[in-house]
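See structure below.
Bear in mind that the values here come from a model prediction, so they are computed numbers and not experimental data.
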Amino acid sequence: MATREWNPLDFDIGEEEDEEGTPSPSSISPPLQYFDRDRHVAFLEMMYSLMPHHYQSQEINRLTLAFFTISGLHLLRALDRVDKDRVADWVLSFQAHPRSRAELKNGQFYGFHGSRTSQFPPDENGVSARNAGHLASTYCALAILKTVGFNLLTIDKESILISLRNLQQPDGSFMPVDVGAETDLRFVYCAAAICFMLEDWSGMDREKAKEYILKCQSYDGGFGLMPGLESHGELNNISSNYWFMFCQLCVSRAGGGTYCAVASLRLMGYIEDDLLSKTVTSSIINVPLLLDWCMQRQAIDGGFQGRANKPSDTCYAFWIGAVLRILGGYKFIDKIALHRFLLTCQSEFGGFSKYPRDLPDIYHAYYGYTAFSLLEEPGLNPLCAELGMTDLTAIGII
């Protein structure tokens with residue numbers, strides 16, 4: 001598929017175009033009976049070059065969209081299609097920097113902005129009233145940099161980690177920005193992933209974060225996003241603009257909340273990998289109840305649902321599947337049925353849709369690739385379930 005070279009500093013989102021002739025779900029051809037890697041690479045190359053106009057409302061999430069694209073190509077073993085140095089330079093241009101060390105204590109978070117529109121220009125005196133990054137955008141930025149082989153030890157991680165502590169609340173939870181934001185498991189996960197990738201835990205109080213997570217496990221074994229919420233609970237009042245795709249479309253639902261809890265505990269070192277194979281009978285979480293809750297999420301059509309009585313959705317093959325992989329319970333699922341369901345969501349245009357026979361989007365495409373990586377599809381890189389990206393250790397990069 002021919003595409004123009006992508007300029008990271010001009011990450012275009014296509015202009016509005018005539019809707020006439022746009023294929024409807026009912027006109028889409030029957031699903032392919034195999035994982036079409038080449039078609040998926042072409043789909044991501046298109047996203048890398050010029051994103052369709054439908055993503056205009058996601059302009060503030062450019063780093064997230066870039067993460068799905070770059071990391072997706074890496075999972076498909078096609079990272080050679082991108083200019084790694086230019087991508088790294090583009091991502092680094094989004095980091096917020098304090099003017100002095102004293103500003104690290106002003107309450108703002110000096111991580112990464114999600115896009116140019118969240119980088120407010122300085123006033124006539126050269127002072128920027130808002131120079132704060134966002135936890136979710138910072139996770140995406142570091143993940144992209146790690147994917148393209150950039151040495152994270154060379155960035156200004158001190159500013160990130162010192163100011164990260166400004167976002168942790170007395171109960172152990174995190175806000176994504178320093179003012180006017182919700183606190184829940186999504187941002188505990190972002191903080192844990194950031195510290196893990198930077199190989200420095202000085203940015204958070206792990207013990208407080210652990211206690212907050214443990215309070216979120218519900219009576220049925222899953223995790224609510226906040227203490228006291230049922231594990232099927234959806235936070236209807238959440239209106240995060242910064243990481244809409246990660247935080248609102250999926251992680252605001254039970255499966256994503258459970259993933260954030262379990263992955264965070266694993267990253268922080270509070271639970272072992274493959275718990276079910278260990279002889280130790282005790283754990284800080286109720287593993288048998290959690291395993292039962294996860295196993296009940298595989299529906300009769302083979303796909304995974306985020307909570308009871310909901311339809312199967314491509315992305316939950318990752319959110320629930322990754323939890324099972326961490327616990328050591330992935331071997332218990334019906335992999336053949338899941339494989340069959342995912343193929344019904346594979347688009348003839350490349351990528352994956354949320355539901356069978358719908359049109360694809362970059363979010364569900366990415367988590368479709370991660371799901372197939374968990375299924376050990378030939379031609380895909382192995383997945384680090386805790387970080388939701390290629391297992392760089394397994395392929396010998398780190």
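For the pair R325 and Y330, the cation-pi criterion (under 6.0 Å, within 45° of the ring axis) is fulfilled.
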Working for side-chain contact (heavy atoms from CB on, under 4.5 Å), residues V82 and T69: CA-CA 10 Å; V82 307; T69 303; over 6 Å; no

Verdict with reasoning, F150 to V87, per side-chain contact (heavy atoms from CB on, under 4.5 Å): CA-CA 10 Å; F150 186 83; V87 168; over 6 Å; no

Verdict with reasoning, S137 to F94, per side-chain contact (heavy atoms from CB on, under 4.5 Å): CA-CA 9 Å; S137 299; F94 288 107; over 6 Å; no

Chi angles and distances behind the side-chain contact (heavy atoms from CB on, under 4.5 Å) call for L152, K157: CA-CA 8 Å; L152 294 184; K157 75 170 189 176; over 6 Å; no

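Under the 4.5 Å side-chain criterion, counting only non-hydrogen atoms from C-beta, L324 is not in contact with F332. Using a 4.5 Å heavy-atom threshold, the side chains of V262 and F223 count as touching. No side-chain heavy atom of T147 sits less than 4.5 Å from a side-chain heavy atom of T390. You'll find the side chain of F68 stays beyond 4.5 Å of the side chain of L44, heavy atoms only. Between S353 and H364, the closest side-chain pair of non-hydrogen atoms is not below 4.5 Å. Between E386 and D273, some side-chain heavy-atom pair lies under the 4.5 Å cut-off. Taking 4.5 Å as the limit, some side-chain heavy atom of M295 sits within range of a side-chain heavy atom of I333. A 4.5 Å side-chain heavy-atom check between D361 and Y55 finds at least one atom pair inside the cut-off.
For residues 364-373, no pair satisfies salt bridge (Lys or Arg N to Asp or Glu O under 4.0 Å), with sequence neighbours left out. For residues 188-199, no pair satisfies salt bridge (Lys or Arg N to Asp or Glu O under 4.0 Å), with sequence neighbours left out.
Counting heavy-atom neighbours within 6.0 Å of K215 NZ, excluding the residue itself, gives a total of 12 or less. Atom CG of N309 is surrounded by 12 or fewer heavy atoms from other residues, nucleotides or ligands within 6.0 Å. Counting non-hydrogen atoms of neighbouring residues, nucleotides and ligands closer than 6.0 angstrom, the CD1 atom of I336 reaches no more than 12 such neighbours.
With rounding to the nearest 0.5 Å, the separation of CZ in F187 from SG in C260 is 9.0 Å. We find the CD-CG distance between E45 and L73 to be 7.0 Å, quoted to the nearest 0.5 Å. Considering CG of L290 and CG of D220, their distance stands at 9.5 Å, rounded to 0.5 Å. Remark: N286 CG to Q217 CD distance equals 5.5 Å, nearest 0.5 Å. The SG atom of C384 sits 9.5 Å away from the NZ atom of K146 when rounded to the nearest 0.5 Å. Annotation: the span from T258 atom OG1 to R307 atom CZ amounts to 12.0 Å, rounded to 0.5 Å.
Under a hydrophobic-cluster definition in which Ile, Leu, Val, Met, Phe, Trp and Tyr are linked whenever side-chain heavy atoms come within less than 4.5 Å, directly or via other members, I284 and W293 are assigned to the same cluster. The hydrophobic cluster containing V323 also contains L276, counting ILVMFWY residues as joined when their side-chain heavy atoms lie under 4.5 angstrom apart, directly or transitively. In the hydrophobic clustering of this structure, I326 does not group with L289; members are Ile, Leu, Val, Met, Phe, Trp, Tyr whose side-chain heavy atoms approach within less than 4.5 Å, directly or through other members.
Residue G351 comes nearest to P360 through the heavy atom pair C-CB, 4.0 Å, listed as atom of the first residue, atom of the second, then distance. Considering all non-hydrogen atoms of both residues, L291 and G329 come closest at CD1-CA, 4.3 Å. Nearest heavy-atom pair, M226 versus T183, reported as atom, atom and distance to 0.1 Å: SD-O, 3.3 Å. Annotation for L76 and F35: closest pair CD2-CZ, 3.8 Å, computed over non-hydrogen atoms. The heavy-atom pair separating R81 from Y48 by the smallest distance is O-CE2, 3.8 Å. The shortest heavy-atom contact between T138 and G111 is OG1-CA, 3.4 Å.
Evaluated for a ring pair (Phe, Tyr, Trp, His ring centres under 6.0 Å) with Y189, the options F196, W319, Y259 yield exactly one hit, Y259.
Taking a cutoff of 4.0 Å between a charged side-chain nitrogen and a carboxylate oxygen, K208 and E211 do not qualify as a salt bridge.
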Would you list the atom pairs, donor with acceptor, under 3.5 Å between side chains in residues 368-378 and any protein atom, with sequence neighbours excluded?
| unit_1 | atom_1 | unit_2 | atom_2 | d |
| --- | --- | --- | --- | --- |
| Y369 | OH | H40 | ND1 | 3.3 |
| T370 | OG1 | Y367 | O | 2.8 |
| S373 | OG | N381 | O | 2.7 |
| S373 | OG | L383 | N | 3.3 |

Under 3.5 Å donor-acceptor pairs involving side-chain atoms of residues 159-175, not counting sequence neighbours:
| unit_1 | atom_1 | unit_2 | atom_2 | d |
| --- | --- | --- | --- | --- |
| S159 | OG | D156 | OD1 | 3.2 |
| S159 | OG | D156 | OD2 | 2.5 |
| S163 | OG | Y110 | N | 2.9 |
| S163 | OG | S159 | O | 2.5 |
| S163 | OG | I160 | O | 3.3 |
| R165 | NH1 | S202 | O | 2.8 |
| N166 | ND2 | L104 | O | 3.1 |
| N166 | ND2 | Q108 | O | 3.1 |
| N166 | ND2 | S163 | O | 3.4 |
| Q168 | OE1 | D205 | N | 2.8 |
| Q168 | NE2 | G172 | O | 3.2 |
| Q168 | NE2 | D205 | O | 3.1 |
| Q169 | NE2 | L167 | O | 2.9 |
| D171 | OD1 | S173 | N | 3.0 |
| D171 | OD1 | S173 | OG | 2.7 |

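A donor-acceptor distance shorter than 3.5 angstrom exists from the side chain of R266 to the backbone of I271, with no hydrogens or angles considered. The backbone N or O of A192 lies less than 3.5 Å from no partner atom in the side chain of Y139, so there is not a single donor-acceptor pair. No side-chain donor-acceptor contact under 3.5 Å links R186 to the backbone of A136.
Aromatic ring centres of F318 and Y366: separated by at least 6.0 Å.
Checked by atom type, the side-chain pair D274/S277 shows a donor-acceptor distance below 3.5 Å.
Qualifying side chain to side chain contact (heavy atoms under 4.5 Å, CB included) partners for L32, counting only residues two or more places apart in sequence or in other chains: Y34, D36, R39, Q346. The side-chain hydrogen bond (donor to acceptor under 3.5 Å, both in side chains) search around D292 returns Q296, not counting sequence neighbours.
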